[in-house]
K.L.:
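Quick one: the structure is below, questions incoming.
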Amino acid sequence: MTDRFKQQPRQREYDDPDESVRPLPLLFYVFAAAMIVWGAWYIIDPQGNASGERGSPMLGDRRTLSALAAAPVGEVNGAQLFTGKCAGCHQATGQGVAGVFPPLVGVDWVTGSETRLVQILLHGIQGALDVNGVTYNGVMPAWKSLTDAEIAALASYVRSTWGNSASQVSVATVAEQRELTASRTSPYNGSAELDTLP
Ligand code: HEC
């Protein structure tokens with residue numbers, strides 16, 4: 001037997017490797033503590049926006065309440081909303097789909113009475129609808145879950161795009177129309193009922 005062989009049992013019984021001989025560096029703890037303090041401050045401190053105005057930290061993108069209240073109602077908003085909510089049926093060009101979804105271009109429902117258009121958007125339509133001599137018989141969803149400003153932006157957008165050039169619809173008009181028909185829960189019954197609206 002060699003010496004080396006005799007030592008083998010002892011070698012097996014060495015302690016398991018242990019990390020405590022190399023603890024995390026102190027700098028790491030300092031860094032972690034600094035991050036926690038900074039995070040707490042970031043949440044608690046009401047964030048000012050770029051111009052130093054103070055707002056609610058709930059508004060994570062730092063817009064203040066006053067800036068939000070004055071959010072523009074017009075082409076930009078309306079166009080975005082139209083793409084998200086309407087273009088799927090009426091198409092991005094507002095031309096609709098023949099026989100299924102009516103066009104919004106050169107159509108009196110869109111460019112005529114603004115209050116009637118607001119009513120269409122608030123409550124939707126179901127039933128035979130005459131659009132420039134073509135009868136549609138589909139379902140136009142109700143959009144009353146949108147805000148007054150959103151409906152005003154949508155109505156203004158469809159009235160002034162693709163060659164349409166009717167007046168803009170104000171937020172106040174939408175609020176008034178919503179109030180007027182607050183108890184309504186069903187869609188308008190096609191041209192028959194819509195023709196009775198002012
Ligand atoms: C699910 C498909 C669908 C969506 C989404 C939709 N519509 Fe309609 N819309 C219709 C249908 C179908 C009609 C015709 C209803 C009928 O035949 O009674 C219609 C009719 C209309 C009318 C009156 C008819 C005309 O051609 O002018 C207007 C105005 C209108 N929609 C605007 C909008 C706007 C604005 C939006 C987005 C907020 C929108 N629609 C979203 C399907 C849709």
Side-chain angles (χ1 to χ4, degrees), residues 58-61 63-198:
M58 301 302 287
L59 307 171
D61 60 3
R63 286 178 297 177
T64 59
L65 284 174
S66 55
L68 282 175
V73 175
E75 299 259 331
V76 184
N77 256 340
Q80 259 174 15
L81 282 166
F82 185 87
T83 305
K85 316 249 178 229
C86 323
C89 291
H90 294 284
Q91 307 301 300
T93 55
Q95 295 292 345
V97 174
V100 190
F101 302 121
L104 303 176
V105 187
V107 170
D108 190 57
W109 299 116
V110 175
T111 56
S113 157
E114 40 177 86
T115 54
R116 193 182 55 191
L117 172 62
V118 169
Q119 286 300 328
I120 291 176
L121 295 181
L122 282 172
H123 300 292
I125 317 170
Q126 189 164 3
L129 183 76
D130 183 315
V131 182
N132 290 352
V134 180
T135 302
Y136 289 82
N137 216 327
V139 177
M140 160 71 187
W143 298 99
K144 63 172 142 197
S145 59
L146 299 182
T147 65
D148 294 343
E150 286 171 326
I151 291 186
L154 272 168
S156 300
Y157 176 75
V158 295
R159 281 165 73 83
S160 62
T161 310
W162 316 296
N164 287 349
S165 60
S167 59
Q168 301 278 295
V169 176
S170 74
V171 181
T173 302
V174 178
E176 200 179 279
Q177 291 297 311
R178 191 195 290 274
E179 184 70 35
L180 217 62
T181 54
S183 58
R184 188 178 183 105
T185 54
S186 55
Y188 283 100
N189 183 12
S191 313
E193 193 178 2
L194 284 171
D195 278 338
T196 67
L197 296 183

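One-based numbering, in listed order, for ligands and for the atoms of each. Predicted, not measured: the structure shown is a model, and the values here were computed from it.
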K.L.:
Please set out all donor-acceptor pairs under 3.5 angstrom arising from side-chain atoms of residues 130-142, sequence neighbours excluded.
P.N.:
{"residue": "Asp130", "atom": "OD1", "partner": "Gly133", "partner atom": "N", "Å": "2.9"}
{"residue": "Asn132", "atom": "ND2", "partner": "Gly106", "partner atom": "O", "Å": "3.0"}

K.L.:
Given Tyr188 and Gln119, is the side chain to side chain donor-acceptor pair (under 3.5 Å) satisfied, shown in steps?
P.N.:
CA-CA 9 Å; Tyr188 283 100; Gln119 286 300 328; 2.8 Å; yes
K.L.:
From Cys86, does some N, O or S atom reach closer than 2.8 Å to atom 8 (Fe) of ligand 1?
P.N.:
no
K.L.:
For ligand 1, which part of Leu146 has a heavy atom less than 4.0 Å away: the side chain, the backbone, both, or neither?
P.N.:
neither
K.L.:
To which protein heavy atom is atom 13 (C) of ligand 1 closest, and what is the distance rounded to 0.1 Å?
P.N.:
Pro102 CD, 3.4 Å
K.L.:
If you have a sec, work out which protein heavy atom is nearest atom 28 (C) of ligand 1 and how many Å separate them, to one decimal?
P.N.:
Leu104 CD2, 3.6 Å
K.L.:
Which pair of non-hydrogen atoms, one from Thr111 and one from Ala166, has the smallest distance, and what is that distance?
P.N.:
O-CB, 3.6 Å
K.L.:
Are Thr181 and His123 close enough, and set up right, to give a side chain to side chain donor-acceptor pair (under 3.5 Å), and what steps lead you there?
P.N.:
CA-CA 9 Å; Thr181 54; His123 300 292; 2.8 Å; yes
K.L.:
I need the nearest protein heavy-atom contact for atom 17 (O) of ligand 1: residue, atom name and distance, please.
P.N.:
Gly138 N, 2.8 Å
K.L.:
Between Gln126 (side chain) and Gly124 (backbone), is there a donor-acceptor pair under 3.5 Å?
P.N.:
no
K.L.:
Look at atom 5 (C) of ligand 1 and say which protein heavy atom is nearest, naming residue and atom and giving the distance to 0.1 Å.
P.N.:
Lys85 O, 3.2 Å
K.L.:
If only atom types and distance count, is the side chain of Arg159 paired as donor or acceptor with the main-chain N or O of Val110 below 3.5 Å?
P.N.:
yes
K.L.:
If we set the cut-off at 4.0 Å for heavy atoms, which region of Asn137 has an atom near ligand 1: side chain, backbone, both, or neither?
P.N.:
backbone
K.L.:
Just need the protein heavy atom nearest to atom 2 (C) of ligand 1, so name the residue and atom and give the distance.
P.N.:
Cys89 SG, 1.9 Å
K.L.:
Tell me whether Trp109 contacts the main-chain N or O of Leu194 through its side chain, where contact means a donor paired with an acceptor under 3.5 Å.
P.N.:
no
K.L.:
With a cut-off of 4.0 Å, which atoms of ligand 1 are near a heavy atom of Val110?
P.N.:
27 (O), 29 (C)
K.L.:
Write out the residue and atom name of the closest protein heavy atom to atom 29 (C) of ligand 1, then the distance separating them to 0.1 Å.
P.N.:
Leu117 CD1, 3.5 Å
K.L.:
Within ligand 1, which atoms have a heavy atom of Phe101 less than 4.0 Å away?
P.N.:
2 (C), 12 (C), 42 (C)
K.L.:
Which option, Leu121, Thr135, Leu154, owns the non-hydrogen atom nearest atom 35 (C) of ligand 1?
P.N.:
Leu121
K.L.:
Could you see which bit of Pro103 sits under 4.0 Å from ligand 1, with heavy atoms only: side chain, backbone, both or neither?
P.N.:
backbone
K.L.:
Can you find a non-hydrogen atom of Gly127 under 4.0 Å from ligand 1?
P.N.:
yes
K.L.:
Of Thr115, Val118, Val158, which is the lone residue that meets side-chain contact (heavy atoms from CB on, under 4.5 Å) with Val169?
P.N.:
Val118
K.L.:
Would you find more than 12 non-hydrogen atoms of other residues, nucleotides or ligands less than 6.0 Å from Lys144 atom NZ?
P.N.:
yes
K.L.:
At under 4.0 Å between heavy atoms, which part of Tyr136 makes contact with ligand 1: side chain, backbone, both or neither?
P.N.:
both
K.L.:
Has the side chain of Gln177 got a donor or acceptor atom that lies under 3.5 Å from a matching backbone atom of Val174?
P.N.:
no
K.L.:
Would you give the angle at atom 8 (Fe) of ligand 1 between His90 atom NE2 and Met140 atom SD, to the nearest 10°?
P.N.:
180°
K.L.:
Val100 heavy atoms, cut-off 4.0 Å: which ligand 1 atoms fall inside?
P.N.:
12 (C)
K.L.:
Quick test: of every protein heavy atom, which one is nearest to atom 24 (C) of ligand 1, and how far off is it to 0.1 Å?
P.N.:
Leu129 CD2, 3.5 Å
K.L.:
Is there a ring-ring contact (aromatic ring centres under 6.0 Å, His included) between Trp162 and Phe82 once you walk through the steps?
P.N.:
CA-CA 13 Å; Trp162 316 296; Phe82 185 87; 5.1 Å; yes
K.L.:
Does the pair Arg184/Glu179 count as a salt bridge with the N-to-O cut at 4.0 Å?
P.N.:
no
K.L.:
I need the atoms of ligand 1 closer than 4.0 Å to a non-hydrogen atom of Ile125, numbered in the order shown.
P.N.:
18 (O), 20 (C), 23 (C)
